[in-house]
Amino acid sequence: MSHNTDPNNLANNFAKYTALPRTVKIKKVVDETRKIKTFFLDTKIWAAPGQFIMVWIPGVDEKPFGLSYIGNDTAITIQPKGKFTKKMLGLSVGDRIGVRGPYGNGFTLKKNACIIAGGCGIIPLAPLAEMIKNCVVIIGAKTSEDLLFIERMRKASELYIATDDGSSGAKGYATDILRKLLKEKTFDVIYTCGPEAMIKSVFDIAEEHGIETQASLERFMKCGFGVCGQCVINGFRVCKDGPVFSSEQLRKMTELGKFARLKSGRKVTVKEYYNWRS
Amino acid sequence: MSHNTDPNNLANNFAKYTALPRTVKIKKVVDETRKIKTFFLDTKIWAAPGQFIMVWIPGVDEKPFGLSYIGNDTAITIQPKGKFTKKMLGLSVGDRIGVRGPYGNGFTLKKNACIIAGGCGIIPLAPLAEMIKNCVVIIGAKTSEDLLFIERMRKASELYIATDDGSSGAKGYATDILRKLLKEKTFDVIYTCGPEAMIKSVFDIAEEHGIETQASLERFMKCGFGVCGQCVINGFRVCKDGPVFSSEQLRKMTELGKFARLKSGRKVTVKEYYNWRS
Amino acid sequence: MFETTKSLKTKLLGINLSNPTIMPAGFLGVSADSLIRAYENGAGAVTTKSISLEERNGHANPTVLSFGYGLINAVGLSNPGIDEYVEEIKEVKKRKIPLILNTIGDDNQDFVDVAKMGEAAGVDIIEINISCPNVVHRKPYYADPELLSGLVQEVKDAVSIPIIVKLSPNVTNIKEIAKAVELAGADGISAINTVGPGMIINIETAKPVMAFKKGGLSGPAIKPIAIRCVYDIYEAVSIPIIGMGGITNGRDLIEMIMAGATAVGVGSAIYYRGLDVFKKICAEAHEWMRDNGYSSIKQIIGAAHES
Amino acid sequence: MFETTKSLKTKLLGINLSNPTIMPAGFLGVSADSLIRAYENGAGAVTTKSISLEERNGHANPTVLSFGYGLINAVGLSNPGIDEYVEEIKEVKKRKIPLILNTIGDDNQDFVDVAKMGEAAGVDIIEINISCPNVVHRKPYYADPELLSGLVQEVKDAVSIPIIVKLSPNVTNIKEIAKAVELAGADGISAINTVGPGMIINIETAKPVMAFKKGGLSGPAIKPIAIRCVYDIYEAVSIPIIGMGGITNGRDLIEMIMAGATAVGVGSAIYYRGLDVFKKICAEAHEWMRDNGYSSIKQIIGAAHES
Ligand SMILES: Cc1cc2nc3c(=O)[nH]c(=O)nc-3n(C[C@H](O)[C@H](O)[C@H](O)COP(=O)(O)OP(=O)(O)OC[C@H]3O[C@@H](n4cnc5c(N)ncnc54)[C@H](O)[C@@H]3O)c2cc1C
Ligand SMILES: Cc1cc2nc3c(=O)[nH]c(=O)nc-3n(C[C@H](O)[C@H](O)[C@H](O)COP(=O)(O)OP(=O)(O)OC[C@H]3O[C@@H](n4cnc5c(N)ncnc54)[C@H](O)[C@@H]3O)c2cc1C
Ligand SMILES: Cc1cc2nc3c(=O)[nH]c(=O)nc-3n(C[C@H](O)[C@H](O)[C@H](O)COP(=O)(O)O)c2cc1C
Ligand SMILES: Cc1cc2nc3c(=O)[nH]c(=O)nc-3n(C[C@H](O)[C@H](O)[C@H](O)COP(=O)(O)O)c2cc1C
Ligand code: FES
Ligand code: FES
């Protein structure tokens with residue numbers, strides 16, 4: 001009978017269009033660096049690397065986070081910035097947070113890839129590296145203490161490291177290593193995530209060499225599903241059209257590395273955006 | 001992605017719980033008797049014999065009608081009673097009505113069956129007879145002019161006719177024929193529909209002979225899907241638990257053939273109910 | 001009677017309920033037999049159809065439809081009148097089933113008369129319904145705190161059983177109305193009646209589908225509004241609240257109780273999940289409570305306010 | 001620009017629209033580029049985010065969620081302030097895209113100032129938004145016809161482009177408010193803003209999910225309410241109406257126009273059907289009109305009233 005089906009069906013339909021945080025417990029907490037922690041969640045989220053979830057701390061706020069581990073061991077990895085992340089870093093095993101998603105698109109998997117990350121940018125790229133296998137990974141950070149997922153990446157890839165102060169790997173920028181590698185070989189794709197200035201340099205280098213780029217961008221988000229317009233960079237919604245963008249899209253972004261929008265929607269320089277509230 | 005699926009899916013989910021009349025055109029009108037007409041609709045409704053649809057004449061009213069033809073040639077057959085049916089009988093090919101449903105349960109098909117109908121009661125039983133094949137059909141009516149679907153039933157079954165005045169078939173009641181037949185043979189099931197007094201007699205005869213009954217009842221309806229409680233006979237909702245009821249259910253109906261409810265919910269005798277507004 | 005677990009037992013205005021689900025007015029309340037059947041299917045208490053002094057035929061059909069995410073209805077308060085209806089009440093009360101009489105009237109005296117006859121026939125609670133959006137009211141009780149206070153006082157004085165007032169969500173300030181009702185002596189509040197009203201137009205014929213053109217909305221679509229209203233009312237008054245509007249499963253029930261409800265109406269969900277929806281919701285709520293370490297539903301009344 | 005068929009061409013307050021769909025306030029209105037993108041995806045006109053005199057940060061997250069049958073939001077009218085926002089307006093108007101400026105303010109002067117700057121920057125229509133349920137208003141314009149009349153008159157006197165007023169469904173008598181607005185000189189009405197507000201409680205943590213606790217409802221769940229409001233307003237006034245609330249497909253658009261709308265807002269449907277929902281709805285509406293013998297959308301404005 002078409003007019004009265006079983007409750008599970010009702011629940012399923014409901015679920016399909018529902019975007020409400022569902023509460024999950026923190027299962028395990030791992031210290032990654034002095035400051036950065038990984039939170040394993042008591043749920044399994046199946047997503048493409050690069051997709052993100054909205055994380056709600058009841059009574060505090062809700063923010064987007066990429067998945068650092070996907071599927072059976074689902075986890076997010078958090079770097080302290082402002083109120084929300086500091087609150088999050090104070091949570092322990094058994095505490096409850098809300099999650100919704102996954103949202104956005106993910107990276108498209110290709111072989112012969114180079115992954116280049118700045119600081120926390122490695123978070124969504126780590127599961128990607130593990131999936132691709134045998135790719136080149138370049139990680140840049142300020143100091144050796146800020147390096148994230150080094151052992152993990154060493155296992156999965158041909159790893160290069162750069163630090164600003166030379167305390168680990170080469171002294172200098174990750175992009176220096178990329179330039180050097182490109183003298184000897186080429187890649188079918190460069191995946192990148194990190195500070196937007198770095199992303200911009202990586203993209204410029206890739207364009208010089210005619211290599212496809214897939215870059216994961218960050219903007220302040222509200223809905224996470226493409227209606228409010230808060231997260232736009234030019235006409236693109238980072239939450240829905242991204243967070244991973246193709247070379248073709250990046251080329252159209254006159255704001256890339258230059259402008260971003262605060263919570264009010266005010267357009268400011270990327271620098272001012274990063275310093276906002278800090 | 002779970003949070004944004006294609007529009008057709010949305011429409012499908014929507015449709016599953018929607019009970020709004022959708023407009024269909026009248027495709028063909030057939031005069032069955034002096035007064036009764038069959039309206040073929042420009043839609044295909046797949047239902048079990050006994051299920052009904054709610055028919056809306058825009059700006060007039062909405063009433064339940066059984067399906068006299070099912071599937072590829074979907075039709076309802078209308079007998080004039082009050083305002084609604086008279087309006088309906090005035091409609092012609094190309095006119096639009098609204099339909100929703102099918103609602104309720106239908107007859108459960110069994111072999112070695114006897115179908116016994118009083119007057120218009122043959123409407124939902126005719127497609128049943130055609131589906132079962134080779135069953136016995138008994139039709140009772142006031143006069144030969146009130147007989148419905150005679151040729152149709154003759155083709156599909158072993159047909160017996162009774163009229164009050166003897167103008168066709170045997171003189172007397174359909175139940176007289178049933179009693180006579182039961183002297184020689186037995187049935188696995190008796191299907192019945194018609195005036196409630198007749199249904200009650202048929203049920204009593206079946207009970208005497210230990211034969212299962214499936215009877216289709218009528219009550220004034222509002223929602224048609226089991227929430228408003230308008231159509232109740234004892235605790236049973238004719239629209240949702242019926243309109244076809246089993247012997248077990250009929251046995252519990254102390255109101256069967258005795259009481260029914262007017263539009264206000266007032267409980268009156270079945271006689272008063274039939275005369276209501278006429 | 002349906003035996004629920006101890007954890008769901010509760011008390012509403014002095015009446016023991018096996019569980020907090022209540023079948024609200026307008027659902028299967030036409031006959032004693034169907035009220036009894038709802039009770040047998042797990043409802044902790046049942047409510048009559050809205051009953052007036054005189055018989056009412058209500059509107060022409062369509063009176064009740066589903067637009068997919070909820071129901072729309074404009075039944076028009078059809079009922080046989082209290083004189084006839086006392087027979088149904090007596091039949092239900094023979095079985096000792098907790099019964100709420102939902103009353104309607106054109107003026108204060110109507111309400112008083114119906115309430116008195118209901119009390120005499122044995123109902124447990126009188127519900128004053130001033131919030132049906134589907135009739136042209138002679139007096140706009142639902143949005144006028146002063147008029148409403150007068151009505152509540154008169155009914156309160158006329159009967160000695162508890163009286164509750166059923167509020168409409170379609171007002172600018174529901175807190176103000178809830179406070180007026182409490183001050184006037186009401187023992188409880190039920191909320192919400194249907195939302196809107198709404199309208200559905202059949203585009204092929206360019207005609208509103210409901211015979212009354214408009215109809216109130218109920219079911220899942222309105223749940224967030226119902227939760228907010230109950231949350232607001234809970235902040236405004238200290239008398240118990242029967243919360244309703246879109247409650248369809250055990251989680252919804254818990255949510256409504258956390259918003260501040262003592263008992264919870266379950267109406268439109270009958271359409272989505274069948275008449276045994278009461279049993280189903282109780283089982284789901286019990287399971288959730290067990291998994292989350294609660295032993296009694298009373299522990300969570302208004303829990304969402306503690307933050 | 002998206003070229004729709006001739007049958008959908010229409011005129012709103014003297015402005016030619018390729019079709020009657022409008023992206024309403026709060027959807028992708030943060031930047032010029034995304035307004036342009038909506039236009040390229042078929043919107044006949046686009047509306048800015050609600051803009052105030054000063055910058056506003058709005059509420060903490062969650063600010064926008066979906067409860068399944070619709071969205072709930074309490075963004076809190078975040079915007080960069082009109083001074084900053086004129087840059088976005090100019091960018092949009094370079095492309096000659098029909099643009100509505102949605103204005104908010106704490107008092108009459110705020111609205112006047114924002115409207116004047118918007119006019120100077122080139123917007124086509126000023127929309128006065130007094131109906132957002134997600135902020136604590138200093139003045140209850142939305143439910144007070146007198147206060148509202150004063151505001152409308154002042155804005156009307158201050159600008160020479162058309163002004164429309166966006167109404168809330170959360171009032172007792174929307175006809176009365178619509179009449180007051182027309183009398184005060186408004187050139188049009190848009191309706192409806194979000195319904196409720198509603199609330200969603202997370203039961204595991206016993207906390208309202210929205211940071212603002214409450215939020216207004218939009219999307220399919222509220223469509224019947226939107227249709228009824230527009231139907232009522234159409235009976236009360238003779239100025240054009242932009243109807244919105246739950247319009248998700250071509251049939252919905254036709255229904256809204258039959259209720260009395262001249263143009264139709266399409267917001268939450270972006271969630272269900274993507275940014276090209278405007279094109280999709282236009283294609284569906286065109287097909288329906290062709291199958292039902294209509295050659296222009298103008299033929300059916302208010303058609304549901306003729307019975
Ligand atoms: C798709 C996506 C994936 C993300 N994945 C992760 C992740 O895996 N791990 C992680 O730690 N963070 C991630 N972020 C960033 C995260 O959502 C927060 O924005 C960030 O952690 C700051 O939050 P906060 O509340 O602690 O800081 P706030 O109090 O909001 O601000 C503190 C500081 O952070 C800066 N800031 C705020 N928002 C951003 C932003 N979006 N980008 C850069 N700086 C910002 C501010 O300018 C300020 O200086 C992701 C963001 C996006 C959009
Ligand atoms: C499940 C079901 C299937 C039905 N199938 C058919 C069908 O196939 N063909 C058909 O013609 N009718 C059928 N009916 C009856 C139909 O729905 C109408 O009730 C009937 O046609 C009278 O409608 P009216 O508006 O013309 O009369 P009204 O103006 O409502 O009343 C006219 C007269 O009909 C009597 N009447 C009203 N309702 C009923 C009723 N439910 N049963 C008996 N008498 C009633 C009144 O007492 C009055 O004397 C069915 C009813 C049900 C519940
Ligand atoms: C078909 C129908 C009839 C109703 N009749 C009444 C009524 O007579 N009196 C009343 O107070 N409420 C009536 N209501 C409102 C319900 O009692 C209840 O307040 C509303 O439906 C919200 O609950 P729900 O979402 O669980 O259905 C009716 C609702 C429906 C759907
Ligand atoms: C996320 C979101 C933000 C909104 N912001 C505003 C706003 O700033 N100003 C306003 O007038 N309406 C705002 N609205 C209301 C819409 O403009 C519109 O009136 C409502 O959503 C109904 O239309 P819909 O069902 O098509 O979305 C917002 C709605 C949503 C969902
Ligand atoms: S966060 Fe709302 S559109 Fe991206
Ligand atoms: S007609 Fe409503 S319950 Fe049967």
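Residue numbering restarts at 1 for every chain, and letters A, B, ... go by the order of the sequence lines. These numbers come from a predicted model, not from an experiment.
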*If every non-hydrogen atom of B:F220 is compared with every non-hydrogen atom of C:N61, which pair is closest and at what distance?*
CZ-ND2, 4.3 Å
*Between CG on residue B:L262 and CG on residue C:N57, distance to nearest 0.5 Å*: 8.0 Å
*So, B:K263 side chain and C:N79 main chain: donor-acceptor pair closer than 3.5 Å or not?*
no
*State, with a plain yes or no, whether a side-chain heavy atom of B:F225 is found less than 4.5 Å away from one of C:L71.*
yes
*Is any side-chain heavy atom of B:K222 closer than 4.5 Å to a side-chain heavy atom of C:S78?*
yes
*Mind listing the closest non-hydrogen atom pair of B:G226 and C:I270 along with its distance?*
O-CG2, 3.9 Å
_Measuring from atom SG of B:C228 to atom NZ of C:K49, what distance do you get when rounded to the nearest 0.5 angstrom?_
8.5 Å
*If you count heavy-atom pairs under 4.5 Å between each of C:I72, C:I200, C:N202, C:L275 and chain B, which one has the most?*
C:N202
*Contacting region of C:E87 [heavy-atom separation from chain B under 4.5 Å]*: neither
*When you check the gap from the basic side-chain N to the acidic O, do C:E55 and B:R266 get nearer than 4.0 Å?*
yes
*Return the minimal non-hydrogen interatomic distance between C:R37 and B:G235, and the atom names on each side.*
NH1-O, 3.0 Å
*Would you say C:K93 has more than 12 foreign heavy atoms packed within less than 6.0 Å of its NZ?*
yes
_I want to check something: taking the side chain as every heavy atom from C-beta on, are B:P21 and C:V209 in contact at a cut-off of under 4.5 Å?_
yes
_Structural part of B:V227 lying under 4.5 Å from a heavy atom of chain C_ = both
*Report, as yes or no, whether the 6.0 Å neighbourhood of atom CD on C:E54 holds more than 12 heavy atoms from other residues, nucleotides or ligands.*
no
*Is any side-chain N of the basic residue among B:K267 and C:E91 closer than 4.0 Å to the acidic one's carboxylate O?*
no
*Under a 4.5 Å heavy-atom cut-off, does chain B meet the side chain of C:E204, its backbone, both or neither?*
both
*When only pairs under 4.5 Å are counted, which of C:S66, C:P80, C:S268, C:A211 shares the most heavy-atom pairs with chain B?*
C:S66
*Between B:R100 and chain C, which part of the residue has a heavy atom less than 4.5 Å away: side chain, backbone, both or neither?*
side chain
*Just checking heavy atoms, which of residues 26-36 of chain C are less than 4.5 Å from chain B?*
C:G26, C:F27, C:L28, C:G29, C:V30, C:S31, C:D33, C:S34
*Just how far is it from atom OG1 of C:T63 to atom CG of B:D61, taken to the nearest 0.5 Å?*
9.0 Å
*Look at B:P58, B:G265, B:G59 and state which one has the largest set of heavy-atom pairs under 4.5 Å with chain C.*
B:P58
_Gap between atom CH2 of B:W56 and atom NZ of C:K207 - 0.5 Å precision_ = 7.5 Å
_For B:K27, I'd like to know if atom NZ has over 12 heavy atoms of other residues, nucleotides or ligands within 6.0 Å._
yes
